[in-house]
Structure formats: C-alpha cells, structure tokens
Number of protein chains: 2
Amino acid sequence: MTICHFSTYRLKNSMATSERKKRQIKQREEMILDIARKMLVERGYPGMSMDRLADATEYSKGTIYQHFTCKEDLVLALSIQTMSKREEFFRRASTFQGRTRERIVAVGVAEDLFVRIYPYHFRSEQIVRLTSLRDKVTPLRNETLDACERRCLSTVAEIVRTAVGQGDVVLRDGMTPEDVCFGLWCMTMGAHTLMASEIPLSERGVRDGSKSLRFATKYFLDGMEWTPLMNDVDFGATVVRIREEIFPAETQQVFGGRVAEKSLPSLPRQVSSS
Amino acid sequence: MTICHFSTYRLKNSMATSERKKRQIKQREEMILDIARKMLVERGYPGMSMDRLADATEYSKGTIYQHFTCKEDLVLALSIQTMSKREEFFRRASTFQGRTRERIVAVGVAEDLFVRIYPYHFRSEQIVRLTSLRDKVTPLRNETLDACERRCLSTVAEIVRTAVGQGDVVLRDGMTPEDVCFGLWCMTMGAHTLMASEIPLSERGVRDGSKSLRFATKYFLDGMEWTPLMNDVDFGATVVRIREEIFPAETQQVFGGRVAEKSLPSLPRQVSSS
DNA sequence: TCGAAAAATGACAAATCGTCATTTTGCGAC
DNA sequence: GTCGCAAAATGACGATTTGTCATTTTTCGA
C-alpha cells in the first residue's frame with residue numbers, strides 16, 4: 001500500500017511537473033513567435049534568419065528547431081496565430097443584427113480592421129501561399145491552418161446561403177455560394193497584395209485602396225442584385241454602425257474613435273532589407 | 001588624310017564588331033533567360049540557383065553576373081519579358097470593335113489567355129512584388145517594368161474614360177477611372193494568387209476559378225451599371241467573338257480550337273522543390 | 001605573329017539552413 | 001547534500017547559396 005501511495009504520488013507529481021513543463025514550453029514558443037513576427041515585419045522574410053532569431057530570443061538555434069521543423073514551419077505558425085484571430089473577427093462580424101447584405105459588409109469591415117491590426121499577417125500569408133512547403137511542414141500545423149481558413153470561408157458562405165434562403169439574392173449563371181465567396185476573397189486578397197506592394201498605389205492613381213476595395217465589393221454585390229442594393233441605403237452609416245456595435249475596441253485601437261473617418265492612413269510598408 | 005581615312009575605317013570597323021558583340025551579348029542574355037525561366041517554373045524560386053543556371057547555360061557564374069546584378073535582377077528581367085507580352089495582349093484587346101463594355105471584357109479575355117500561355121509569369125510577378133529589391137536591381141530594368149505596368153493600366157483606364165465620355169457608365173461615389181481599374185486588377189490578381197495556391201480551389205468549393213473570375217468581373221461592372229449590362233446581351237458569345245477576332249492563334253494554342261469550351265483545364269502547378 | 005584590351009572563369013568569402021554529438025540542467029532517490 | 005539519469009540546450013559543423021575578384025583565356029587590330 002505504502003509503495004502504491006508513493007507510486008501514485010510520484011506519478012501525480014511527475015505529471016504535475018510535466019504539465020508545468022508543457023506550459024513553459026508553450027510560453028516559450030509564443031515568445032519566439034512574437035520576436036520572429038517582429039523580425040519578419042521589420043526585416044522581411046530573408047532578413048529573419050534563424051541565427052538572428054536565436055540571438056534575439058537568447059535561445060540556441062537547436063532549441064528553436066525543437067519547436068519548428070524548419071523556417072517555413074515557423075512562418076506557418078505565425079500565420080495560424082493571426083488566421084485564428086481573423087476567424088474570430090469574421091465570426092463576430094457575422095453576428096451583426098441586420099439584413100444579410102449588411103452582414104456581408106460586416107465581414108468586410110472585419111477584414112479591414114484585421115489587416116490594420118495585424119499588418120504582418122498578410123505578408124506571411126503570401127509567403128506561405130508562394131513557397132511550396134506542404135511536405136516540409138508539421139502536418140498538424142498544416143491542417144490547423146487549413147481548417148482555420150475553411151472556417152473563415154464557411155462563415156461567409158453561410159451568410160450567402162441564408163441570403164439565398166431569404167430571397168435577398170438569387171444565384172445565377174450556375175454560381176454556388178462558394179463562388180460568391182471566391183469573388184469576395186479575390187478582391188480582398190488582390191487589394192491587399194497591391195496595397196502591400198512597393199509601388200505606392202497613389203502612383204497608379206488610386207488614392208485610398210481600402211475605400212476602393214469597399215466600393216468594388218459594393219458594386220460586385222449590387223451586380224448580383226443582392227438586396228438591399230447599397231444605393232438604396234446609407235452605406236457609410238452601416239459601416240459606422242458595424243464598427244460601433246461589433247468592433248468598438250478594435251475601431252478605437254485603429255482609428256482612435258474617429259469611426260466615420262473616410263481617408264484612412266495607408267498600411268505600413270516593409271523596411272528595406274539589410 | 002590617309003591617316004584620317006584609316007582612322008575612319010578603323011572606327012567603322014570597330015563599331016561594326018562592337019555592334020555584332022552587342023547582338024551576341026543580347027542573344028546570350030535571352031538564352032540565359034529562357035533557361036532560367038524553365039528552371040524557375042520547374043524547380044521554384046529557391047531551386048533556380050545561380051550555380052545550376054551557370055551549369056545549364058554552360059557559362060560561368062561570373063559571366064551571368066555580367067548580365068544581371070543579382071538573382072532578383074534576373075527575375076525582374078523575366079518579368080519584363082512577359083509583362084511586355086501582356087501589354088501587347090491588352091493593346092490588341094482594346095482594339096476590339098464593339099461597345100466599351102465589350103472592350104473591357106476583351107481585356108479580361110486577354111489576361112486569361114496571357115496567364116495560360118505564360119503560367120510562370122504570375123509566380124515571378126508575385127516574387128518581385130513580395131521581395132523588396134528596389135535598391136538591388138538595375139534601375140533601368142526597374143523603370144522598364146514600371147512603365148510596362150503603367151501602360152497596361154492606362155490601356156484599361158482609357159477604355160473607362162471612353163465609356164464615361166460615351167455615357168456607357170457613370171462614375172459614382174467619387175470613383176476615378178483608375179479606381180475602376182484597381183477593382184478589376186484586384187480581382188484578377190487575387191484570383192490568380194488563389195488559383196496558383198497549393199490548396200486546390202476545388203477543395204474550397206470552387207470548380208473553375210477562371211469562370212468564377214469572369215462572373216465576378218461581370219457582376220462588378222453590372223453593379224456599376226456599365227451598359228450594356230451582361231444580362232441583356234449574350235456574354236458567352238462576346239467572349240467567343242473576342243477570341244476568334246483578336247486572339248485566334250493564342251486561342252488555338254491554348255484551347256486547340258475549342259473556342260467555346262466552358263470547363264477549362266486548370267493552370268499547371270509548381271513542381272515541389274528538391 | 002604580337003600585344004593589349006575585353007571577356008570568361010571558378011576559387012573564395014560570407015551568410016544561411018538544418019543537424020547532431022556534446023554539455024548542461026532538472027529532478028527524484030537516498 | 002549529493003548521486004545519477006533522462007531530458008533539454010548548445011553551438012560547431014556540413015551543405016548550399018549568393019555574389020566577388022584575381023587570374024586566365026580569347027578576341028582582334030596592327
């Protein structure tokens with residue numbers, strides 16, 4: 001019995017320390033990611049070297065490689081962190097009380113806020129999309145990101161389906177709800193790619209990329225005759241309402257309370273690599 | 001006098017050989033670019049190493065570095081080659097005899113053909129856009145690409161301006177012709193980014209990205225009330241006419257004469273890096 | 001055939017990713 | 001306290017890759 005008790009105790013104790021260890025490791029991983037993210041933003045993808053990261057984190061390279069199988073795996077981990085944030089933003093946006101058309105606008109507002117709060121995310125998202133790394137990366141991480149993206153999409157698709165069900169929009173030309181999502185996704189992704197580009201949009205005659213994107217999506221949805229058409233209602237007022245009701249804190253953070261601000265500050269640009 | 005003649009002769013001769021040299025060098029540069037492009041497509045950006053390229057071209061690395069200041073400079077040169085092709089496609093498209101709305105559709109058809117004929121271009125375009133290399137690259141090359149892109153855009157902007165002039169479309173919300181271009185550009189770029197992604201679009205519920213893109217632009221322009229609305233005319237027939245009248249050879253090359261083909265083969269995917 | 005200028009070459013330096021033998025640390029047992 | 005083992009951390013090292021530059025080779029007119 002005594003032995004058994006001891007044994008149980010030891011087991012418990014051992015498990016307790018093991019749990020603590022896990023927490024510590026998790027915490028360290030987040031610390032590494034924080035520093036890596038900063039580096040990625042400031043110095044670009046090639047500028048974020050594993051040696052430099054090891055120096056900055058004050059851990060050795062070997063330790064970092066215990067967390068991530070390779071550099072791309074690390075970038076993927078960064079993407080997951082922010083992608084799950086985006087998922088949360090989208091979910092909150094979709095709860096907006098209003099017509100389906102307004103709920104779609106809410107998702108657009110969510111994306112806009114998301115990009116402003118996490119400007120680095122888009123860059124790493126592009127890197128992940130561009131680099132072929134399916135076979136080098138931790139499978140779990142791969143699936144996690146995939147699932148996250150899928151949930152983001154299905155949040156939007158669900159709104160489309162609801163709209164179809166309520167008769168707010170009719171899908172023509174054999175379009176599926178997913179095709180509609182694809183259209184919105186394209187515009188958003190393309191706009192952010194161009195906005196993050198080295199050549200300022202202003203040199204291409206575009207004053208405010210975000211505003212242009214908002215109007216492009218507006219016209220796209222109007223073209224589908226998704227009612228109410230945004231000519232019929234006060235578009236700007238809806239955006240303001242969404243920001244106030246769903247994202248008060250984030251709006252405060254980004255716009256400092258100037259909810260109705262029209263000409264928005266442009267996104268930060270990457271520092272040139274050294 | 002004699003000396004003068006000799007001197008003139010020598011100068012002429014020297015210039016002639018110099019011209020020949022220049023031609024040879026130019027020719028070699030194109031040969032290098034051809035091989036580099038193949039390598040870029042087959043092995044991806046990291047897989048196209050300068051050593052391998054030197055081997056494949058049967059020149060030394062030093063010689064290659066006499067043509068290009070760095071790897072990015074070479075990729076930029078590749079981009080320029082195809083971008084000027086795109087410019088030509090756009091210019092031809094804009095000559096389509098028809099309503100302004102149809103001429104915009106023609107540009108869309110041009111882009112679609114372009115991406116199919118030069119599938120590698122988009123990848124290098126993204127690389128150029130993602131990597132900060134403004135300061136490493138030959139300034140001339142930088143400007144050349146920039147000018148090329150600008151001409152592509154202004155071809156489209158010109159159609160928009162004509163449309164406004166003819167009353168085919170009214171720009172609301174303070175939109176400029178360039179803002180309209182931006183909208184179209186976003187959709188196109190986003191769609192191709194997503195289509196070139198590792199995750200097949202079919203897993204996201206999108207059967208045919210090109211088709212979805214076509215409809216997205218259609219709805220976008222319909223939403224702007226750019227007449228004639230494409231519900232009012234036979235959209236598919238216009239596309240076929242454009243392919244037949246403006247791009248017969250290219251259509252043949254891509255679709256093998258099946259001009260009206262609806263479900264198009266998906267774009268080739270990058271071979272995994274070695 | 002000669003010689004100078006131009007061009008080609010590839011060894012080399014520097015940087016980077018990822019590995020792994022070696023060292024250090026953590027922790028329970030006595 | 002200290003012993004010993006397992007787990008974790010370390011950084012030197014191998015393999016690549018980019019870009020340079022002293023040296024060799026070629027070109028071409030005299």
Side-chain angles (χ1 to χ4, degrees), chain A residues 2-3 6-22 24-29 31-32 36 39 43-75 131 133 135-138 273-274, chain B residues 2-3 6-22 24-29 31-32 36 39 43-75 131 133 135-138 273-274:
Chain A
T2 322
I3 291 166
F6 269 128
S7 165
T8 309
Y9 168 75
R10 197 164 69 201
L11 188 65
K12 259 185 166 173
N13 194 330
S14 175
M15 275 175 71
T17 59
S18 154
E19 284 302 312
R20 181 162 53 84
K21 263 283 151 67
K22 267 190 187 166
Q24 279 179 352
I25 285 177
K26 178 105 191 195
Q27 200 178 335
R28 184 174 61 191
E29 187 159 310
M31 181 265 230
I32 293 171
M39 226 178 232
R43 320 187 57 145
Y45 184 71
M48 189 202 78
S49 88
M50 299 306 262
D51 283 281
R52 244 197 296 275
L53 186 61
D55 276 356
T57 55
E58 294 186 321
Y59 285 102
S60 73
K61 208 151 48 131
T63 301
I64 290 177
Y65 274 97
Q66 272 180 346
H67 289 271
F68 312 101
T69 60
C70 61
K71 192 177 171 180
E72 288 87 350
D73 195 45
L74 193 153
V75 176
T131 328
L133 37 68
D135 38 3
K136 294 175 72 184
V137 148
T138 319
S273 65
S274 55
Chain B
T2 325
I3 292 166
F6 268 129
S7 163
T8 308
Y9 167 76
R10 197 165 72 202
L11 189 64
K12 260 185 168 172
N13 194 331
S14 173
M15 275 176 71
T17 58
S18 154
E19 283 303 311
R20 182 163 50 86
K21 263 284 153 64
K22 267 191 189 166
Q24 279 180 352
I25 286 177
K26 178 106 192 195
Q27 201 178 335
R28 184 174 62 190
E29 187 159 310
M31 181 264 229
I32 294 172
M39 224 177 235
R43 321 186 58 146
Y45 185 72
M48 188 202 77
S49 89
M50 299 306 263
D51 283 285
R52 245 196 294 275
L53 185 60
D55 277 355
T57 55
E58 293 185 323
Y59 285 102
S60 72
K61 208 155 43 135
T63 301
I64 290 177
Y65 273 97
Q66 271 179 348
H67 288 271
F68 310 101
T69 60
C70 61
K71 191 177 172 180
E72 288 88 348
D73 195 46
L74 194 154
V75 176
T131 330
L133 36 68
D135 37 4
K136 293 175 75 184
V137 148
T138 319
S273 65
S274 56

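In what follows, every heavy atom counts, from backbone to side chain, and hydrogens, waters and symmetry copies are set aside. All chains are named by letter (A, B, ...) in the order of the sequence lines, taking the proteins before the strands, and each is independently numbered beginning at 1.
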> Can you list the residues that meet the side-chain hydrogen bond (donor to acceptor under 3.5 Å, both in side chains) rule with Q66(A), with sequence neighbours excluded?
none
> Sequence neighbours left out, what passes side chain to side chain contact (heavy atoms under 4.5 Å, CB included) with T69(B)? Give chain and number order.
D73(B), T138(B)
> Is any side-chain heavy atom of L74(A) closer than 4.5 Å to one of L53(A)?
yes
> Of T69(B) and D51(A), whose nearest nucleotide on DNA chain D comes first from the 5' end?
D51(A)
> Separation of E72(A) atom CD from dT16(C) atom P, in whole Å?
15 Å
> Starting at CD of E29(B) and ending at P of dA7(C), how long is that distance when rounded to a whole Å?
14 Å
> Under the side chain to side chain contact (heavy atoms under 4.5 Å, CB included) test, which residues partner Q24(A), sequence neighbours left out?
R20(A), K21(A)
> Would you kindly give the CE-to-C1' distance between M50(B) and dA15(C), to the nearest whole Å?
16 Å
> To the nearest Å, give me how far apart CE (M39(A)) and P (dT16(C)) are.
11 Å
> Using atom names, set out every protein N or O paired with an N or O of nucleotides 21-26 of chain C below 3.5 Å, distance rounded to 0.1 Å.
none

> Any cation-pi pair here, K71(B) with Y65(B), using under 6.0 Å and within 45°?
no
> Find every protein N or O atom lying less than 3.5 Å from an N or O atom of nucleotides 9-11 of chain D, and list the pairs.
| from | atom 1 | to | atom 2 | distance (Å) |
| --- | --- | --- | --- | --- |
| dA9(D) | OP1 | R28(A) | NH1 | 2.3 |
| dA9(D) | OP1 | R28(A) | NH2 | 3.4 |
| dA9(D) | OP2 | R28(A) | NH2 | 3.2 |
| dA9(D) | OP2 | Q66(A) | OE1 | 2.9 |
| dT10(D) | OP2 | S60(A) | N | 2.8 |
| dT10(D) | OP2 | S60(A) | OG | 3.2 |
| dT10(D) | OP2 | T63(A) | OG1 | 3.0 |

> dC17(C), OP1 or OP2 - any side-chain N/O from K136(A) closer than 4.0 Å?
no
> Within this structure, what is the CE-to-C1' distance between M48(A) and dC17(C), rounded to whole angstrom?
11 Å
> Just wondering, do R43(B) and M48(B) contact through their side chains at under 4.5 Å, heavy atoms?
no
> Mind calculating the distance between CG (L53(A)) and C1' (dC17(C)) to the nearest angstrom?
13 Å
> Would you please name every residue forming a salt bridge (Lys or Arg N to Asp or Glu O under 4.0 Å) with K61(B), sequence neighbours left out?
D51(B)
> Can you find a pair of side-chain heavy atoms, one from T57(B) and one from R28(B), that are under 4.5 Å apart?
no
> Can you find a heavy atom in the side chain of M31(A) that is under 4.5 Å from one in the side chain of Y59(A)?
yes
> Are any of R52(B)'s side-chain N or O atoms less than 4.0 Å away from OP1 or OP2 of dT16(D)?
no
